[in-house]
Amino acid sequence: MTIGEMQPAVPVPMPPVRVRAGSAVFDIDTLDEALAFAQANLHPRGDYDGLIRRLQSAADSEECLEAANAFIWWAEANGIIAGRG
């Protein structure tokens, strides 16, 4: 089984968070959106590689929650949170 096969067919929801990239603001509410944002917006603080691994491999509800929390903590550590839910 590949990582792609482990990914769910529908986007996995997460607690909504608003993040900044320069002057743009993005509403993130799925793990797929969080992964795309993190890959496009590298920031030095936090465990970036661990974040990407968590977002890519989350398969059950506990792993999805951990991945969502990792994204939020990473965004907070890098000062790019613009709001929640």
Side-chain angles (χ1 to χ4, degrees):
M1 180 180 296
T2 67
I3 288 177
E5 292 170 331
M6 292 182 348
Q7 291 296 325
V10 295
V12 176
M14 61 178 270
V17 63
R18 182 170 283 171
V19 292
R20 289 187 311 271
S23 62
V25 177
F26 298 90
D27 291 322
I28 306 293
D29 57 11
T30 69
L31 294 183
D32 290 339
E33 292 172 352
L35 177 60
F37 181 88
Q39 289 176 322
N41 297 280
L42 283 83
H43 288 279
R45 293 194 174 105
D47 179 9
Y48 179 78
D49 292 333
L51 166 67
I52 298 301
R53 279 193 304 276
R54 280 190 177 99
L55 290 170
Q56 289 175 333
S57 66
D60 62 31
S61 60
E62 185 176 324
E63 290 173 349
C64 289
L65 180 58
E66 288 177 9
N69 285 333
F71 178 79
I72 293 167
W73 295 328
W74 171 80
E76 287 174 342
N78 285 286
I80 58 172
I81 292 283
R84 291 209 185 184

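Within the structure, ring-ring contact (aromatic ring centres under 6.0 Å, His included) pairs that include any residue of residues 18-39 comprise Phe26-Phe37 (at least two apart or interchain). Within the structure, salt bridge (charged side-chain N to carboxylate O under 4.0 Å, His left out) pairs that include any residue of residues 62-82 comprise Glu76-Arg84 (at least two apart or interchain). Judged as a side-chain hydrogen bond (donor to acceptor under 3.5 Å, both in side chains), not a single pair has a partner in residues 38-55 (not counting sequence neighbours).
Tracing side-chain contacts under 4.5 Å through hydrophobic residues (I, L, V, M, F, W, Y), one reaches Ile81 starting from Leu42; they form part of the same cluster.
Listed here is the closest heavy atom pair of Leu51 and Ala67: CD1-O, 4.4 Å. Taking each heavy atom of Trp74 and Ala38 in turn, the nearest pair found is CH2-CA, 4.0 Å.
Atom-to-atom distance recorded for Ile28:CD1 and Phe71:CZ is 5.0 Å, nearest 0.5 angstrom.
In this view, Ala68 and Met14, Pro15, Leu31 satisfy the side-chain contact (heavy atoms from CB on, under 4.5 Å) rule, not counting sequence neighbours. In terms of the side-chain hydrogen bond (donor to acceptor under 3.5 Å, both in side chains) criterion, residue partners of Asp27 (sequence neighbours excluded) are, by chain and number, Arg18.
Taking 4.5 Å as the limit, every side-chain heavy atom of Val19 sits out of range of all side-chain heavy atoms of Val25.
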